[in-house]
> 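Sharing a structure, written as C-alpha cells. Questions coming.
In what follows, chains are A, B, ... by sequence order, proteins preceding strands, each numbered from 1.
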There are 2 protein chains.
Amino acid sequence: MRDSSDKTPIWKAIANAVRGDLAEGRYAVGDKLPTEAALADRFGVNRHTVRHGISVLVEEGLVRTRRGAGVFVAATPTDYPIGNRVRFHENLIAAGRRPEKRMLALDERAATIGEAQALQIEAGDPVCAYHGLSLADGQPIAVFESLFPLLRLPRITSALSETSSVTQALGIAGIDDYTRASTRLTAVRATATQALLLQVSEGDPLLRSSSMNQCAAGAPVEYGRTWFAGDRITLTL
Amino acid sequence: MRDSSDKTPIWKAIANAVRGDLAEGRYAVGDKLPTEAALADRFGVNRHTVRHGISVLVEEGLVRTRRGAGVFVAATPTDYPIGNRVRFHENLIAAGRRPEKRMLALDERAATIGEAQALQIEAGDPVCAYHGLSLADGQPIAVFESLFPLLRLPRITSALSETSSVTQALGIAGIDDYTRASTRLTAVRATATQALLLQVSEGDPLLRSSSMNQCAAGAPVEYGRTWFAGDRITLTL
DNA sequence: CTTTCCTATACAACTATACATATCTTATCA
DNA sequence: TGATAAGATATGTATAGTTGTATAGGAAAG
C-alpha cells in the first residue's frame, strides 16, 4: 500500500479513503459503515489504526459512533430560525426535514418559585409539565420541558395528551394565537440524562433556550426550556 | 483542574433518571413503570441496558419486577446517606440529582439556652443564624437552620453571604475540615411555614435532623437543624 | 534517548437477536 | 355468568457481535 515516497500516516490515509466514500455518496445519512474489524481487515492494518482514522471523521462531524452498534453517517446541522413566532415543526418542515415529537412525561404539579415567577403566577399554583424529545429524520435534536399555568389553562393537560402539538393544544385550551415574549440563550453542558436522550456525550455543550410565550392579551401561557444538541442545530436570529 | 468530565455509564444514567421520576412522585407505590421495551425506546438504548439500570433500583428496593407483568414501584423516597461527614450537595450529586440551596435569612443574634448548650458557649453569646431551603432537581427537599458561634468564627456571616456552601464558608472562616459529632433524628409535623416552603400540607410528617459539627480540635463549629420532606427523602445509616 | 506510529492482546460496555417463561387480555363457548 | 383457551404482552436468559479502553511492545524518525 505504501511506497517509500508516501509519508502520510496510515491512519490519515484511512480517514481520507472513508471521507472519499462519504463524498461519493456511497453511504446515506444514517447508514452504518463497515465495522472497525472489517475495515482493519480490508486495509490490512490493526483495528486501532482504523479507530484513529475514524476518530478524525468523528471530530469533523461526518460520522458518529455508537458503542456496540457501529459507526454511522451523521446528518448535517440544521439551521433553525428564531423569530417572535417560533414553531418547531414548521421550521423543520421548511428545512425539508421530517420532524417528530416524543412525549416523555406529562403531569400536573405545583410550580416552584422560579417557575411561578416566569409564568407570573403564585408559587405552588398548579402547572402542567410537558417533558419531551424532539427529533428530525429520526435523530434527536432537543429535549424540552414546557410549563403551562393550569389556573389559566385548565384543559391543557388533556389537550396535550391528545395532540403532541403545543400550538394545537393551546388552541383547544382556548388560546388561538400566541407570540414569543422573550427568549434567552445560554450554553450548558449536557447532564447524563440529557446526553442519553440526545445521543451525545455527557458534558457536551448544549444550547439552552429559555422562552416565554404569551397570549394576545399578554398573559404568559407557556414557559419553555429547550436543550438543543449543539452540533446538530444552529439557531439563527 | 476542575474539568472533571465524569462519564456516567448509560445504565447508571437510566437508573438515576427513573429514580428521579420516582422521587418526584411521578409514580405512586404499586404503579407499573413503563415496560423495559418502552424505556429502551425512550432512551434510545438496548433493553439489556435498561434492565441493568432497573436492576440497580431493584437492589435499592425501590422497584420490584414481576415476570410477564412488569416493573412495579415498591417505594418512592430518595436515599440520602448519612455518615460522620455529611455534605448535602455531594450526597445528592452522587445520587445523580441536581442539588440547589436557597438562602432565606442570614443574621446575627444571641444564642438561646438550648443553642448555647449545643454549641458549648454561654447563653447570650452571639451566633450567626443561617436559614435556608435545599432542593434537588428543583423540588424542595428540606429547610434548615445552621447556627455558628461568632466568638469562634467572627467572619462566618460575611463568608456565608458570599457562598451558599457551608463547607466553603467554614473554610473562609478558618475551618479547613470538620466532622459530624452527633446526629439525632425525630419525626415532627410540618408547621405552616415549613409546609409552604416544602410544598407539602400543613401537619405532614417531617424528618427532623439535629446535628453538631466540630472542627479538628473538637470545638463545635456548627449546630444545624434540618427538616426533610418525609415523602421525598429517606435517610440511610 | 525520546517521540510517534503501528501492532497485539485482553477486557469492559453496549447492541442485536432469538427464544423461554410468566402474566394479562380477550374472545369464545357452555 | 363463568370457565377455558388462545393470543398478545412482558420479563428472564442465552449467545454473538461491535465499539471503548487499557496495557504492552516493536520499529522508525528526530
Side-chain angles (χ1 to χ4, degrees), chain A residues 1-18 27 30-59 61-74 138-140 190 192-193 195-204, chain B residues 4-18 27 30-59 61-74 96:
Chain A
M1 294 276 279
R2 307 175 67 192
D3 51 9
S4 55
S5 66
D6 189 359
K7 50 184 177 180
T8 65
I10 299 180
W11 58 268
K12 198 170 289 188
I14 291 177
N16 289 335
V18 177
Y27 304 102
D31 275 4
K32 181 174 177 292
L33 295 187
T35 67
E36 294 174 348
L39 287 175
D41 190 57
R42 181 160 106 197
F43 290 108
V45 298
N46 190 270
R47 186 165 76 95
H48 284 295
T49 311
V50 170
R51 286 177 57 75
H52 193 172
I54 288 180
S55 71
V56 175
L57 305 180
V58 172
E59 284 288 325
L62 290 176
V63 299
R64 198 169 58 80
T65 60
R66 281 177 53 207
R67 173 189 288 215
V71 183
F72 298 85
V73 180
Q139 189 179 44
T193 305
L196 191 57
L197 291 170
L198 291 174
Q199 295 181 17
V200 300
S201 295
E202 182 178 1
D204 276 0
Chain B
S4 58
S5 55
D6 290 346
K7 275 206 162 181
T8 307
I10 297 179
W11 58 268
K12 195 173 287 188
I14 290 176
N16 290 337
V18 177
Y27 305 102
D31 277 4
K32 180 173 177 294
L33 293 188
T35 66
E36 295 174 347
L39 287 174
D41 188 58
R42 166 184 301 182
F43 291 110
V45 300
N46 191 270
R47 187 166 74 93
H48 287 297
T49 312
V50 170
R51 285 176 58 76
H52 192 173
I54 288 181
S55 72
V56 174
L57 304 180
V58 173
E59 285 286 324
L62 291 178
V63 300
R64 186 174 106 266
T65 60
R66 281 175 50 208
R67 179 179 200 162
V71 183
F72 297 86
V73 178

> Rounded to whole angstroms, how far apart are CD on A:Gln199 and C1' on C:dC14?
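In whole Å, C:dC14 C1' and A:Gln199 CD are 13 Å from each other.
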
> Could you give me the CA-CA distance, side-chain angles and deciding distance for A:Ile54 and A:Leu39, then say whether side-chain contact (heavy atoms from CB on, under 4.5 Å) is met?
CA-CA 10 Å; A:Ile54 288 180; A:Leu39 287 175; 4.0 Å; yes

> Rounded to whole Å, please give me the gap between CZ in B:Phe43 and C1' in C:dC14.
16 Å

> Measure from CG on A:Asp41 to C1' on C:dT7 and round the result to the nearest Å.
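Interatomic distance, CG of A:Asp41 to C1' of C:dT7: 15 Å.
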
> Between protein and nucleotides 21-30 of chain D, map the contacts as a letter string: B base, S sugar-phosphate only, - none, heavy atoms under 4.0 Å, written 5' to 3'.
BB--------

> Taking all heavy atoms of B:Ala13 and all of B:Thr8, pick out the closest pair and write down the distance.
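For B:Ala13 and B:Thr8, the tightest heavy-atom pair comes out as N-CG2, 3.9 Å.
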
> So what's the dot-bracket for DNA chain D: Watson-Crick or G-U pairs under 3.5 Å, [ ] if a pair crosses, | if it pairs off-strand?
||||||||||||||||||||||||||||||

> Please report the distance, rounded to the nearest Å, between CG in A:Leu33 and P in D:dT18.
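That distance rounds to 13 Å.
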
> Can you tell me if the side-chain N/O atoms of A:Thr49 get under 4.0 Å from OP1 or OP2 in C:dC5?
no

> Write down the distance between CG (A:Asn46) and P (C:dA10), rounded to a whole number of angstrom.
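Roughly 13 Å, once rounded to whole Å.
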
> Compare the minimum distances between each of C:dC5, D:dT11, D:dT19 and the side chain of A:Pro9, then state the nucleotide with the smallest one.
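When the side chain of A:Pro9 is considered, C:dC5 is the closest of C:dC5, D:dT11, D:dT19.
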
> List in chain and number order the residues that pass side chain to side chain contact (heavy atoms under 4.5 Å, CB included) with A:Thr49, two or more places apart in sequence or in another chain; answer none if no residue qualifies.
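A:Thr49: side chain to side chain contact (heavy atoms under 4.5 Å, CB included) contacts with A:Ile10, A:Trp11, A:Ile14, A:Val45, A:Asn46.
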
> Just the atom pairs and distances: protein N or O near nucleotides 4-9 of chain D's N or O, under 3.5 Å.
none

> What residues, two or more places apart in sequence or in another chain, satisfy side chain to side chain donor-acceptor pair (under 3.5 Å) together with A:Asn16?
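Checked A:Asn16 against side chain to side chain donor-acceptor pair (under 3.5 Å); matches are A:Arg19.
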
> Just N and O in the side chain of B:Trp11: are any of them under 4.0 Å from OP1 or OP2 of C:dC14?
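So the side-chain polar atoms of B:Trp11 do come within 4.0 Å of the phosphate oxygens OP1 or OP2 of C:dC14, strictly under.
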
> What pairs with B:Arg66 under side chain to side chain contact (heavy atoms under 4.5 Å, CB included), at least two apart in sequence or on another chain?
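B:Arg66: side chain to side chain contact (heavy atoms under 4.5 Å, CB included) contacts with B:Arg64, B:Ala69, B:Phe72.
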
> Can you see which heavy atom on A:Ala15 is nearest to which on A:Leu57, and at what distance?
O-CD2, 3.8 Å

> Specify the separation, in whole Å, of atom CG of B:Leu39 and atom C1' of D:dA10.
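From B:Leu39 CG to D:dA10 C1': 12 Å.
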
> Distance check needed: C:dT23 P versus B:Phe72 CZ, whole Å only.
11 Å

> Can you check the B:Lys12 NZ to C:dA13 C1' distance for me, whole Å?
13 Å

> Who are the side chain to side chain donor-acceptor pair (under 3.5 Å) partners of B:Arg42, not counting sequence neighbours?
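Result, side chain to side chain donor-acceptor pair (under 3.5 Å) vs B:Arg42: none returned.
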
> If I compare all heavy atoms of A:Ala190 with all of A:Val200, which pair ends up nearest, and what's the gap?
CB-CG2, 4.4 Å

> Among all residues two or more places apart in sequence or in another chain, which pass the side chain to side chain contact (heavy atoms under 4.5 Å, CB included) test with A:Thr35?
A:Lys32, A:Ala37, A:Ala38

